[in-house]
Structure formats: structure tokens, C-alpha cells
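The next block holds one structure in the form of C-alpha cells; read it before the comments.
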Amino acid sequence: MFQTPFHAQTQRPTTTAHLAQTMSLLSLTLDELNQQVEKELASNPALELIEERRCPMCHRLLPEHGKCPVCSQPKDLTTEEPVVFISPREDLFSREYNPDAESMDEPNSVEVEELPAYVLRQIASDLAPENRQIAAYMLTHLNEDGLLECNLVEVAAYFHVPISKIQEIQALIQHADPIGVGSINSSEALLVQLEVLEETNPIPEIAKVLVKEHLEQLSRHQFAEIAKNVNVSVKEIERVNHFIGENLNPFPGRSHWGDSRLPDKGDLDVYRHPDIIVTTLERENRQVLSIELLMPTCGTLRVNPVYREAIHETKDETKVEMKNDLEKASLFVKCIQQRNNTMRQLVSKIASMQKDFILHGEKQLKPVTRAKFARDMGVHESTISRAVANKSVQLPNRRIIPLSMFFDRSLNVRTVLKEIIDHEKHALSDFELVDLLKDQGFAVARRTVAKYRSMEGILPAHLRQVTP
DNA sequence: CTATGGCACGGATT
DNA sequence: AATCCGTGCCATAG
């Protein structure tokens, strides 16, 4: 799996079944792929998973014979070196509660996994023993954002205790370290954070009301509307929004949530663990990108050779069945490999093209279309689409962004726009902005500027205040 | 009257 | 074929 050739085209022509399966595998998230693999592994005896060693330095998995691809880079790095390695998925819920589990792992990928245990450890002493089980149960139903994914009423019914009891426990959880963890939704989490903050710091008066009643609109930056409802000035709303962005976290479980930008509506799934991690390596004062393509399984997937042998020594009836399994297994392995190949090729291409963006921020993002990549790589457009869909990337600055952001045609214009407005001497109207953008080489219509503005949550000119 | 936001259309993208 | 995005036109708020 590690020595696969670089060009996917060199693989021999594929069957339609192969193609179909590869396609569907391509669009899967890491988690989903993991489920697929596990399912296949469980149902097909011909498939086999080989465990592998870990690198003592970086705790990552190593190829059977060889050094850690991350820690011991080859010397002849030219532009960038995509490194494929396999990351184990540790099942969060099957693990026993273990108070001794200290910070033994690298912090970055594990902290989310440990969240339930981490919280439980904090509140364990405050819990009556009979409540411990309930707390543990609730903690296992945290989602990636640290929010509770189950209904309090149901929990109460399940354990045959009054709801008030559950609420009591929830309050305990919410006041544990990632404050607000275990809330039903972002609104509740923010409220708890506000209350805690209130004890030591002054908070804006209307903050609670906004968080409680208007969070939805707040996240969409519909400040004017809220202002009407609450009967305060838009400016005040804006101020509070800024305050919230600076001091609170609507997703207590998320380790770091980039700038104060709420992702629209539901698509939070993308912000889970990244599928790809990009880091920089210093090489002779040059910055080299290292791309880690995370794989779901812990080890290498292959067809079990024993099974292949055994097939010769069986009777005819079972032989057919076994042969079928064998066929399916090798097909599956090939699909996974092809997926890896495509992903690697794509990611490597994206990285080298968008290196400036990765290193120097959104302003440098070059607008590219998936179609262009498809032409360059000699694959069908839909292949790229699938490969890009539902994936996320962690950048060197630890921000996690959806892979599709690399194909955002207007992001660079929007950042320049933001910049202009940040530095403006007086509030600029949309028309003036059009001119200034044109000076920087971005020809956009006035209407479009307005759209971008609202996308970035920037108020119209007459509502903006000049901040010198 | 000017600056903006809503609606919707057409072309590009997926 | 479905969706996204930029843009023009028009109503409306200031």
C-alpha cells in the first residue's frame, strides 16, 4: 500500500463493479470509510488487517520496514512530499473509563477523544456514586462539538429518575472544564459560559437575551433584525457579537475553533477530525509542506494469504463460496488503494498549487475549479467532486477547513474586501468599494460587493462606525 | 435621491 | 440534471 505507483492510470483497466465501489468510497468521510472497512472486515473472512508499529517519536504508524515517514524525511525534498500513513481510530465508547490515562499521547488528535473521560474525572468527586453511571451515560452521548446528543427526558426515563436529577447532573457537567460541555445546543452552552464569566467579569447586559433568543440570527449576522426585536442599536448588537466571538465558544468540545466565524447551519460534520493534515517542515530555510492523508484502519489491509491457500484444499461446494469472498476481498482492497491514489494525487496537486494560501492565508487563495483539476489529472470531473466532498483539512496553523474551501472562487476577493474595510478611513459605500477592488485587480459588480459584505458579516456603510 | 437588500435569471460548475 | 454564483432590476429605507 505504501509503494503504490504515483499514477493511478497505470493500474489496469477496471471492472464496472470496481469503478462503482471506488466512486462511492471516494466520497466517504474518514469515519464513514472506517465503518465500511469494519463492516467488510467482519463479513468477509478473506480480508485481513495487519497491525503495524508506531513511531516512537511522533506516535504514528510505520510501514513494515522503514522509518517514520514524518520524523525522518528523505533529504531530497524539492517542493512537497505527500506522506500517506495510517491513523488508528480508537473507539471512543468502547474504552473503559480509566482515571490513570494521563496525557500520554500527542495532544492534537487525542484531546477530543478523551473528552468524556476528561470531564468525568473532574466531576467524579462531586457525584454521588449512583449518579456516576448516569453522568457516564450522558458523557458518552456527547458529539464532536461537546454538545449533548440525547434528550434529557429520555435519559431520565431510561434511568428511572426524575428529570430534575438529570438536570442537576447536567449542570455539574456543564461547569466542568470545557465550560458548557454537555449542553443540548450552542445556545445553552453559551448561556452557561456567560453565567460563569459573569461571576468574575462584567458582561454586556443583553448578551444573555441574544444568546438565548436570537442565536440563530446572530450567527447569520442579521444584526439589524435582532436590533429591531430587542430594541437596541445595531451597533450594540455588533459589539455583543464581537464579545461573544472573543470570549465564548458555542462548541465546547471543539479544541480550537478558528476565527469567530460560525459555519452556516448544519454542516458542522465537516469540522470534525480532519481527513488530511498539512504541516510545514523547515528544510534549509525553505518551508516544505508535509501532507498526511489519514486512513481509517490501523494497519494494512490485504487479502489473507492463508485463505488463498486454503481454497485449493476445499470441496467444490464451499469452493465457489470462498472464491466469491476472495474476489470481493481483493476488489475491496483494490478500491481502497485506488481511493488512496486518487486522494494522494489530488491533495498533492492542491497543495502545490495553493501553497501560498496554506502558508499565508486566505488572501492568497487562487480561484480554481474542480474541472481544471479533472483535466490536469485526466480523470472525470465527478471523481474530483466526490473526492473533495465531505473532507476536511487541517492547516499548519491548526485551523480545520473543508477541502472544498480550496475551490472557493470568491474567498480571496472577500478577504481583500475585508482588508479594505478594516483600513477604511471613513465608511465606504458599496460603489466606492467596487472601485477600490478594481484597483487591486478584482472586477466585481456592485451587487456582488454587497453580497460579499453580508457573507462576511460586515454591516452596510451607513451603519458602520469608523474605528481609528 | 442614494445606498442596499430581495428576487430571480442565466451561465458556469459539479 | 441539479446546484451554485454573479449580476441586473426594482422596491424600499434612510
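Here is the naming used below: chain letters follow the sequence lines, and residue numbers restart at 1 for every chain.
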Check your understanding: Rounding to a whole Å, what distance do you find between A/L463:CG and B/dT2:C1'?
Key -> 14 Å
Check your understanding: Within the side chain of A/R386, is there an N or O that forms a donor-acceptor pair under 3.5 Å with the backbone of A/L26?
Key -> no
Exercise for review: Starting at atom CG of A/D408, determine the distance to atom P of C/dT3, rounded to an integer number of angstrom.
Suggested key: 19 Å
Exercise for review: Indicate, with a heavy-atom threshold strictly under 4.0 Å, whether A/F373 touches base, sugar-phosphate, or nothing.
Suggested key: nothing
Practice item. Flag yes if more than 12 heavy atoms outside A/K366 fall under 6.0 Å of its NZ atom; otherwise flag no. Key: yes
**Study point:** Minimal non-hydrogen separation, A/Q193 against A/G180, with atom names
**Key:** NE2-CA, 4.4 Å
Check your understanding: Passes side chain to side chain donor-acceptor pair (under 3.5 Å), A/S410 versus A/D408? Steps please.
Key -> CA-CA 6 Å; A/S410 60; A/D408 190 321; 3.3 Å; yes
Check your understanding: Is the backbone of A/S429 close enough, under 3.5 Å, to the side chain of A/E432 for a donor and an acceptor to pair up by distance?
Key -> yes
Point to revise | Criterion side chain to side chain donor-acceptor pair (under 3.5 Å) on A/Q170 and A/E188, from CA distance to verdict | key: CA-CA 11 Å; A/Q170 188 194 23; A/E188 199 181 298; 3.0 Å; yes
**Study point:** Nearest-angstrom distance from the residue atom CZ of A/F442 to P of C/dT7
**Key:** 13 Å
Exercise for review: Would you tell me if any nitrogen or oxygen in the side chain of A/Y452 comes within less than 4.0 Å of OP1 or OP2 on C/dC5?
Suggested key: no
**Study point:** ring-ring contact (aromatic ring centres under 6.0 Å, His included) partners for A/F407, two or more places apart
**Key:** A/F373
**Study point:** Per-nucleotide protein contact string for nucleotides 4-10 of chain B (B base, S sugar-phosphate only, - none; heavy atom under 4.0 Å)
**Key:** BBBBB--
Could I get a table of every N or O pair under 3.5 Å where one atom is in the protein and the other is in nucleotides 11-14 of chain B?
residue, atom, partner, partner atom, Å
B/dT14, OP1, A/R370, NH1, 2.8
B/dT14, OP2, A/R370, N, 3.3
B/dT14, OP2, A/A371, N, 3.4
B/dT14, O3', A/S385, OG, 2.9

Review point. Hey, does the side chain of A/R464 reach the backbone of A/L428 with a donor-acceptor pair shorter than 3.5 angstrom?
Key: yes
